[in-house]
Amino acid sequence: MNTSSSGSVLKTILAAIAAIFGLVLLFGGIYLATLGGSWYYIIAGLFFLATAVLLQKRKSTALIVYAVLVLGTVVWGLWEVGSDFFALAPRLDILGLFGLALLIPAVTRGFGDSKAAKMALTGSLAITIAVMIYSVFNDPQEIRGELKSQQPAVHQAIPGIADEDWPAYGRTQSGLRYSPLKQITADNVKDLELAWEFHTGDVKTDKDSGETTNQVTPIKVGNNLFMCTTHQYLIALDPATGKEKWRFDPKLKADNTFQHLTCRGVSYYDANNTTGFESSLAARSTTSAECPQKVILPVNDGRLVAVNATTGKVCSDFGNNGEVDLQKDMPFPYPGGYNPTSPPVVTGTTIIIAGSTTDNYSTEEPSGVIRGYDVNTGELLWVFDTGAEDPNAIPAPGQKFVNNSPNAWAPLAYDAQLDIVYVPTGVGTPDIYGGHRTELDERYANSMLAINASTGKLIWNFQTTHHDLWDMDVPAQPTLTDIKDKNGKMVPAIYVLTKTGNAFVLDRRTGEAIVPITEKPVPQSVKRGPQTKGEWYSKTQPFSDFNLAPQDKLTDKDMWGATMFDQLMCRVSFKKLNYDGIYTPPSENGTLVFPGNLGVFEWGGMSVNPDRQIALTNPIGLPFVSKLIPQDPNRPKTAKGAGTEAGVQPMYGVPYGVEISAFLSPFGLPCKQPAWGYVAGVDLTNHEIAWKRRIGTIRDSMPGIPLPPFKMGVPMLGGPISTAGNVMFVGATQDNYIRAINVTNGDELWKGRLPAGGQATPMTYEANGKQYVVIMAGGHGSFGTKMGDSLVAYALPDNK
């Protein structure tokens with residue numbers, strides 16, 4: 001084939017491609033416009049069709065027409081999303097590649113005098129490339145400021161906690177997730193290397209549920225590191241070497257109907273109070289001769305087990321041969337229906353435990369009761385049943401707790417000086433329909449409860465979401481720290497992080513707001529499809545002036561895709577859904593929920609350095625779609641348990657089931673443009689974000705595809721920690737890394753490749769004079785990360 005004929009064939013092929021592109025964009029654009037969306041795609045479709053016709057006629061003006069389309073799209077893209085590389089990419093990638101194809105010499109050769117046309121197209125592509133290069137270094141979503149250190153920062157030691165230890169889930173039971181250690185610093189963290197790796201041998205099986213995960217944050221007390229595994233094996237390790245000392249098997253009775261199979265951590269008790277938890281004003285319990293030091297293990301089938309911290313044997317004088325039955329007096333006590341996944345709070349006298357219940361399964365579920373047990377005997381001391389008229393009433397023989405009362409699945413926090421336990425609650429399931437709920441049902445739902453840890457009596461409560469229909473549980477361990485109020489006076493504060501992104505800052509003595517909170521009107525109906533039968537909506541919801549949601553409201557400009565074509569489809573999907581901002585009611589048509597079910601914050605919480613009055617956070621933002629499915633409320637149950645938090649969920653007993661899914665494009669990518677995950681530093685003296693950066697890549701989300709490691713900002717499950725060495729450590733991302741971040745400015749300083757997903761919060765401690773950073777790389781079933789069984793420890797080399 002000669003050059004002329006090959007060029008003719010190429011023109012014909014390109015003309016056909018341009019025609020196909022043009023028709024898709026034109027008809028898709030017309031549909032989008034009828035839904036109230038952008039007219040750009042109609043215009044782009046016409047330009048593609050004009051280019052196709054001119055190419056077929058061998059007119060050099062095809063290049064000029066296409067150059068105008070490219071330049072117009074650059075201007076349109078900058079107007080919509082600014083200099084955001086990942087938002088511009090789907091608008092320009094196909095255009096750029098097709099433009100380069102038009103400049104192939106075999107194509108341009110047959111145009112005759114095409115010099116001006118080639119220059120026009122070359123110039124437009126050069127401008128496109130320049131804009132994309134500029135956008136790499138000028139991300140409008142990032143904030144590049146600095147946290148000002150309060151020098152000299154004087155470390156306030158915590159009584160009962162050695163600096164080298166990490167004796168509770170959040171290091172302190174006040175949930176600070178901050179260590180005063182500073183052997184590892186922002187200057188030398190780049191030299192971290194693998195110190196040891198321990199394999200638990202506990203892996204996901206075919207009999208386990210989709211929500212099988214390992215989210216454990218180990219605790220370190222003295223010469224012992226304690227951890228639990230997916231199936232709740234309790235293991236003691238040497239913290240310097242990672243060698244196993246002993247292992248306890250609670251013989252968990254689990255199957256694939258469990259909605260959750262995980263262990264976030266364990267708790268520690270020392271009768272001598274020489275280490276392990278903050279000094280308490282609560283009275284001391286009678287010492288157990290058998291177990292003066294014990295580890296408290298929550299077990300997913302509804303048990304609480306006490307194990308001797310030295311020998312690994314059960315404390316036979318605790319409960320019934322070492323365990324307490326948390327299913328006692330439960331209504332509808334089916335296996336996995338009541339599921340303690342977070343470590344309890346331990347005071348000088350009392351173990352305070354709560355747990356999760358199955359979301360969206362039925363109106364016949366266990367209670368979400370919170371209970372206090374004697375720390376040595378396991379005797380039930382008090383209850384707080386969130387759905388009962390008298391929440392402190394212990395059921396008489398033959399009676400049960402209130403079914404479906406709001407539960408508290410996230411870790412609790414404890415103020416030892418006030419002897420108050422702070423309990424974050426969710427909504428009484430079913431979560432997405434509430435037409436049947438009473439005022440009593442919702443009195444303590446979606447709230448922060450301040451409860452006397454010794455008596456169980458309520459001191460105050462604050463509700464973060466009224467009449468929740470979106471699964472907006474209070475998902476994170478609250479953080480207790482002292483801050484300055486507007487008058488410059490130090491006050492004891494509690495930070496209540498929520499899925500909505502609101503961070504409510506309250507006086508933890510009284511529940512009064514420190515940062516202003518405003519009740520604002522929210523949507524009261526849906527615009528597409530029928531209204532939900534029997535439902536009602538709260539007219540207002542509380543909003544804090546301190547909010548870490550990525551943005552207030554999505555628009556079709558925020559829709560994304562790999563190309564302009566699936567971006568167009570995402571825009572169409574967005575316009576077809578019900579969405580009028582946060583708290584848009586669920587609907588049969590389908591409602592966009594943003595922030596979605598994962599929330600802006602999850603169980604990982606935040607890290608607070610009380611010495612510098614700063615906080616480190618890792619908020620996320622990923623939309624979900626909630627679609628109600630009309631059902632007979634009296635239909636018989638055909639499923640056992642639930643086994644998942646995604647897909648169709650039955651909600652037996654109410655007139656709807658619900659389908660919950662991530663808002664994805666036809667290619668399986670999020671329809672919302674990245675970033676979906678950030679790290680951020682906050683100045684607690686004014687509650688302003690000093691810096692915010694994207695975190696994470698899609699390296700492990702699309703295996704086998706050789707994508708460059710662009711820092712897109714990916715979803716996370718897990719929390720951050722920070723140290724006096726000016727370093728923040730965080731895993732959690734969908735790529736298998738743990739990262740070190742400069743606390744002052746947010747720069748990434750180091751990252752370590754993990755053998756599996758790190759959907760856990762790390763911790764740090766010192767052993768034999770060396771500081772270690774440890775994270776569980778166990779993966780997360782429904783989050784889609786690689787499963788594993790590795791506890792990984794990093795340290796500086798001996799010569800550093």
I'd like to know whether Phe258 forms a side-chain contact (heavy atoms from CB on, under 4.5 Å) with Asn300, so could you lay out the CA-CA distance, the side-chain angles of the two residues, the decisive distance to 0.1 Å, and finally the verdict.
CA-CA 9 Å; Phe258 278 40; Asn300 286 175; 4.2 Å; yes

Is the closest basic N to carboxylate O distance between Lys294 and Asp270 below 4.0 Å?
no

Looking at Arg171 and Asp165, is there a salt bridge between them, counting it only when a charged N and a carboxylate O are closer than 4.0 Å?
no

Stepwise, does the side chain to side chain donor-acceptor pair (under 3.5 Å) test hold for Thr785 with Gln734?
CA-CA 6 Å; Thr785 53; Gln734 282 187 314; over 6 Å; no

Run the salt-bridge test on Asp415 and Arg508 with the 4.0 Å N-O cut-off and return the result as yes or no.
yes

Do any N or O atoms from the side chain of Ser356 and from the backbone of Asn339 form a donor-acceptor pair under 3.5 angstrom?
yes

Using a strict threshold of under 4.0 Å (side-chain N to carboxylate O), is an ion pair present between Asp238 and Lys243?
no

Tyr765 and Tyr772 aromatic ring geometry - parallel, tilted or perpendicular at 30°/60° bounds:
parallel

Thr733 side chain to Gly696 main-chain N or O, any donor-acceptor pair under 3.5 Å?
no

Do Asn188 side-chain atoms and Thr185 backbone N/O form a donor-acceptor pair below 3.5 Å?
yes

Donor-acceptor pair between Thr744 and Asn726 side chains, under 3.5 angstrom:
yes

Quick check: Phe504 with Phe462 (ring centres under 6.0 Å apart)?
yes

Establish, from distance only, whether the side-chain atoms of Asn736 and Lys786 form a donor-acceptor pair under 3.5 Å.
no

So, Asp301 and Arg303, do they make that salt bridge, N to O below 4.0 Å?
yes

Between CD1 of Ile775 and OG of Ser790, what distance do you get to the nearest 0.5 Å?
11.5 Å

Can you find a heavy atom in the side chain of Thr310 that is under 4.5 Å from one in the side chain of Trp246?
no

Give a yes or no on whether the backbone of Gly719 and the side-chain of Thr761 come within a donor-acceptor separation of less than 3.5 Å.
yes

Flag, side chain of Gln215 to backbone of Ala760, donor-acceptor distance under 3.5 Å
no

Side chains of Asn214 and His780: is there a donor and an acceptor less than 3.5 Å apart?
no

Quick one: does Thr230's side chain have a donor or acceptor within less than 3.5 Å of a partner on Thr213's backbone?
yes

Aromatic ring proximity, centroids under 6.0 angstrom, Tyr338 and Trp409
no

